[in-house]
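Atoms within a ligand are numbered from 1 in the order they appear, just like the ligands themselves.
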Amino acid sequence: MVDSTQRAIHPEPVQPAGLLEVALQNLSLGLTIFDDKRAILFCNRRYMEIYGLSPEQVKPGTLLKDMIQHRLNLGLKISVPSEEYIREHIGTALQAGTTVQEFTDGRIIAYTIYPMPNGGGMATHEDITAREEMSARLQRQYEVGKAQEEDLRIRHFQFDTAINNMSQGLCFFDAAHRLIVCNDRYIDMYDLSHDRVGPGTALTEIVDMRFEAGSFPAMTREEYLIWRANVAVSAEPTDSIVELRNGRTFKIRHRPMPDGGWVATHEDITEQRRSEVKIEYMAHHDALTDLANRVLLNERLEHALGARIHREEIVAVHHLDLDHFKAVNDTFGHPAGDKLLKLVADRLRGLVRASDTIARMGGDEFVIVQAPIKDPSEATSLAERIIRSIGEPFEIDGHQAVIGASIGIAVGPGDGLRPDRLLRNADLALYRAKGDGRGVFRFFQPAMDLQMQTRRLMEQDLRKALSSGEFELYYQPVVNLASNEVSGFEALIRWNHPQHGLVSPGTFIPLAEEIGFIVPMGEWVIREACATAAKWPGDARVAVNISAVQFRNPGLLQVIVGALAASGLHPARLEIEITETVLLQNKEATLAVLHQLRGLGVRIALDDFGTGYSSLTYLQSFPFDKIKIDRSFVKDITENSGSLNIVRAVAALASGMGMTATAEGVETREQLDSITSEGCTEMQGFLFSKPLPAREIERLFLPEREVQPAPNRIVAA
Ligand code: C2E
Ligand code: MG
Ligand code: MG
């Protein structure tokens with residue numbers, strides 16, 4: 001077989017074997033055929049090209065072993081020693097299969113063995129360097145691609161995660177109003193279905209879903225679509241706040257895209273809105289009563305006055321002040337006071353119409369804007385109802401509290417076109433109502449304005465008077481009826497006003513009390529009286545009037561002690577006169593001060609007795625040294641048996657309790673006889689002497705001895 005085959009495929013131009021050889025020679029694969037001895041029978045040109053062999057080197061009969069050696073010489077990369085490699089490839093039985101050989105020059109050549117039944121075989125060799133490179137490149141590309149794909153996948157994932165974890169809803173729509181993408185939040189915010197919303201969903205479909213879900217503003221579907229389309233076509237970024245029927249409030253930021261689509265973010269600002277509304281509410285309401293505060297009142301009043309201009313309507317402003325509220329606060333405590341204010345607010349609410357506004361101005365002051373009304377009589381009617389209602393007892397924690405209301409009314413536009421003017425005039429009217437005895441209402445009158453201006457001028461003058469030395473003390477003698485001797489003098493302040501001349505205390509003391517000026521003024525009186533009396537011979541007393549406002553000042557005791565020390569006046573020669581109103585307020589603290597003064601030896605007199613409400617209770621609460629029976633009883637003692645009886649009873653009471661009973665304002669002989677026979681022990685009045693300046697007193701009543709120069713006389717500060 002070897003011979004015939006050898007001949008048959010020998011490269012001789014023989015037909016048809018010649019044709020086959022031509023074909024074999026021109027194969028793109030290298031080809032070798034060998035016998036069972038592994039000796040070459042045939043090899044083609046491509047084989048020689050691949051391994052750089054000459055025809056001589058591959059002539060039939062050449063052993064494959066030499067061929068392998070040749071390849072090793074060419075730089076075949078092997079992992080075992082050469083001999084072993086050759087042995088492995090030649091010594092064993094032929095195995096079908098492909099082997100890839102790599103050469104040091106970078107070439108890669110694969111050969112495939114096809115064993116033949118006679119023990120020989122055939123092998124094809126192919127230079128696969130280019131293919132391998134291509135495949136490696138492809139592999140690399142594949143890997144890069146894969147990496148990029150992974151990268152993209154990660155990016156997508158990150159993007160998805162980002163947009164789906166945004167607190168805002170996000171959606172992109174294209175120019176055809178179809179959804180490109182939206183996040184989960186968007187779907188959830190509008191209660192849409194995740195299954196029905198995705199890329200390509202039309203805006204109209206989403207609108208329908210929202211309409212069903214109620215996540216829709218208070219407009220029709222068509223109105224909404226028109227609005228949305230307008231926003232969509234406008235090339236302007238638009239921010240809108242939309243309130244949905246389901247109670248949520250969303251802020252939508254619409255940003256157009258150059259291609260006609262848009263991106264929009266949807267933010268749920270419901271909570272923010274609610275707290276804004278709450279803050280807004282708090283800024284306009286009184287926390288305790290929930291009524292309007294000053295700010296809201298001004299707005300409402302402004303609005304009422306503005307709205308009125310077009311119609312024949314008027315606006316009434318009621319300025320209301322509770323009477324005796326302070327007493328409730330002091331007696332039952334602040335929490336009870338707060339409850340009372342709430343109850344008052346409730347009663348007021350029940351008296352007004354929806355168009356009226358009730359405001360708390362702070363403390364126990366309220367303002368009611370009654371608008372609109374046609375006639376002032378409507379204001380009268382409301383004021384009367386308020387006074388009646390607030391005058392009814394209140395039940396607080398099981399206690400009954402009785403208060404009242406005083407009201408000042410100003411009616412716009414006549415009494416003022418602006419809120420501040422109307423409020424001020426209502427306040428002036430209130431001042432009058434309180435002055436007129438409380439529990440009443442007064443309409444503003446222009447004269448009140450004038451009075452207020454006069455008052456303001458007096459206030460200014462008063463503040464200057466002290467430093468300018470315009471005050472002076474007059475003294476009125478008090479006569480002991482048993483001995484017929486002057487037992488002391490009551491110090492009474494006078495104001496030498498540079499323009500108005502001598503002003504009596506009745507004119508300026510109430511104002512001084514109201515503005516707190518009574519405190520420094522009273523201090524001057526105490527020091528001046530002590531200093532003057534200290535110069536007097538003998539043991540004549542000096543009486544000083546101290547008002548309730550002075551008792552509210554914690555420094556009072558110190559002032560009295562300081563005046564005694566500075567003047568050197570013996571405390572037993574000082575008498576202080578207080579009225580029942582002093583005991584009405586802060587009773588414990590007041591009594592403590594009185595006891596301390598009493599402990600020093602200072603005498604305490606109860607002035608104007610009989611004019612207050614519950615005189616006898618107060619007599620029990622402190623052991624007074626003296627009761628001064630008010631002038632009003634003395635005045636008509638001769639004509640009015642009631643007055644006579646009172647004087648008699650008080651004198652008896654005083655005697656029984658070891659107190660002096662002094663009758664004030666004795667002007668006539670008859671009055672003197674009456675009070676003497678009824679048991680009064682002292683008198684004071686024009687019958688004996690008017691109040692006089694100190695030097696007159698010294699000249700007329702203290703002539704026996706020279707007036708002593710005072711040791712530490714203090715001049716007014
Ligand atoms: P008061 O303490 O009751 O003083 C007696 C008032 O009656 C004095 O009025 C006195 O001038 C007046 N008076 C005395 N005798 C007669 C009389 O026979 N007929 C008449 N018609 N009046 C008589 P005045 O000085 O105008 O003082 C009025 C009130 O002003 C005093 O009443 C007292 O409450 C208060 N006051 C006077 N000075 C001071 C002061 O320095 N401090 C304080 N806190 N109050 C003072
Ligand atoms: Mg007095
Ligand atoms: Mg008096």
Could you work out, for atom 22 (N) of ligand 1, the closest of Q684, K628, R631 by heavy-atom distance?
R631
Who gets closest to atom 17 (C) of ligand 1 by heavy atom: Y474, F508, F686?
F686
Does the protein put any heavy atom within less than 4.0 Å of atom 41 (O) of ligand 1?
yes
Distance-only donor-acceptor check, side chains T289 and D286, under 3.5 Å
yes
Crowded around Q558 CD? As in, over 12 foreign heavy atoms under 6.0 Å?
no
Proximal heteroatom of E664 relative to the Mg ion (ligand 3) (N/O/S):
OE2
Please determine, by modelled atom types, if D608 and T579 share a side-chain donor-acceptor pair under 3.5 angstrom.
no
Within-shell test, Q550 vs ligand 1, heavy atom, strictly < 4.0 Å:
yes
Is the closest side-chain donor-acceptor distance between N496 and E472 under 3.5 Å?
yes
Side chains of T662 and Q684: any donor to acceptor distance under 3.5 Å?
no
Under 3.5 Å, is there a donor-acceptor pair between the Q671 and T638 side chains?
no
For atom 35 (C) of ligand 1, what is the nearest protein heavy atom, given as residue, atom name and distance?
P505 CB, 4.4 Å
Charged N-O contact under 4.0 Å between D321 and K434
yes
The Mg ion (ligand 3) to D608: nearest N/O/S atom name
OD1
With nothing but distance in play, are any N or O atoms of D608 less than 3.5 Å from an N or O of ligand 1?
yes
Where ligand 1 meets R494 - atom numbers and elements under 4.0 angstrom, heavy-atom basis
11 (O), 25 (O)
Over 60° means perpendicular and under 30° means parallel, so classify the ring planes of F471 and F508, tilted if in between.
tilted
At the 4.0 Å heavy-atom cut-off, does K690 count as touching ligand 1?
no
Is R294 atom CZ crowded by more than 12 heavy atoms from other residues, nucleotides or ligands, each under 6.0 Å away?
no
Find the distance between CZ (R388) and CD1 (I386) and round it off to the nearest 0.5 Å.
11.0 Å
For a distance under 2.8 Å, tell me if D607 has an N/O/S atom near the Mg ion (ligand 3).
yes
Does P691 reach ligand 1, in the sense of a heavy atom lying below 4.0 Å from it?
yes
Using a 4.0 Å heavy-atom cut-off, say whether K635 meets ligand 1 through its side chain, its backbone, both or neither.
neither
Considering only the protein, which heavy-atom contact is closest to atom 39 (C) of ligand 1, and what is its distance?
I493 CG2, 3.8 Å
among protein heavy atoms, the one nearest atom 15 (N) of ligand 1 is Q476 NE2, 3.0 Å
Taking L320 as the fixed residue, which of V367, D364, L430, L348 is the one that meets the side-chain contact (heavy atoms from CB on, under 4.5 Å) rule?
L348
In terms of residue, atom name and distance, what is the protein heavy atom nearest to atom 10 (C) of ligand 1?
L492 CD1, 3.8 Å
Of all the heavy atoms in E490, does at least one lie under 4.0 Å from an atom in ligand 1?
yes
Backbone or side chain, does any N or O of E664 fall under 3.5 Å from an N or O of ligand 1?
yes
Atom 19 (N) of ligand 1: the protein heavy-atom neighbour that sits closest, reported with distance to 0.1 Å:
E667 OE2, 2.5 Å
Check the side chains of Q451 and R432 for a donor-acceptor pair under 3.5 angstrom, ignoring hydrogens and angles.
yes
Please list, in number order, the atoms of ligand 1 under 4.0 Å from a heavy atom of G685.
15 (N), 18 (O)
With heavy atoms and a 4.0 Å threshold, my read on which part of L473 contacts ligand 1 is neither
Identify, by atom number and element, the atoms of ligand 1 in contact range of V525, meaning under 4.0 Å from any of its heavy atoms.
41 (O)
Can you give me the OE2-the Mg ion (ligand 2)-OE1 angle for E490 and E577, to 10°?
90°
Parallel, tilted or perpendicular for H500 and H497, by the 30°/60° rule?
parallel
Closest non-hydrogen protein atom to atom 34 (O) of ligand 1, residue and atom name please, with distance?
N545 OD1, 4.4 Å
Separation between CG of N425 and CG of D420, rounded to the nearest 0.5 Å:
9.5 Å
Is D630 touching ligand 1 with its side chain, its backbone, both, or neither, if touching means heavy atoms under 4.0 Å apart?
neither
Below 4.0 angstrom from a heavy atom of S547, which ligand 1 atoms are there? Numbered from 1 as shown, please.
44 (N)
Under a 4.0 angstrom heavy-atom cut-off, which atoms of ligand 1 come close to D607?
1 (P), 2 (O), 3 (O)
Aromatic ring centroids of W536 and Y475 under 6.0 Å?
yes
Does either side chain, that of E514 or that of Y431, offer a donor lying less than 3.5 Å from an acceptor on the other one?
yes
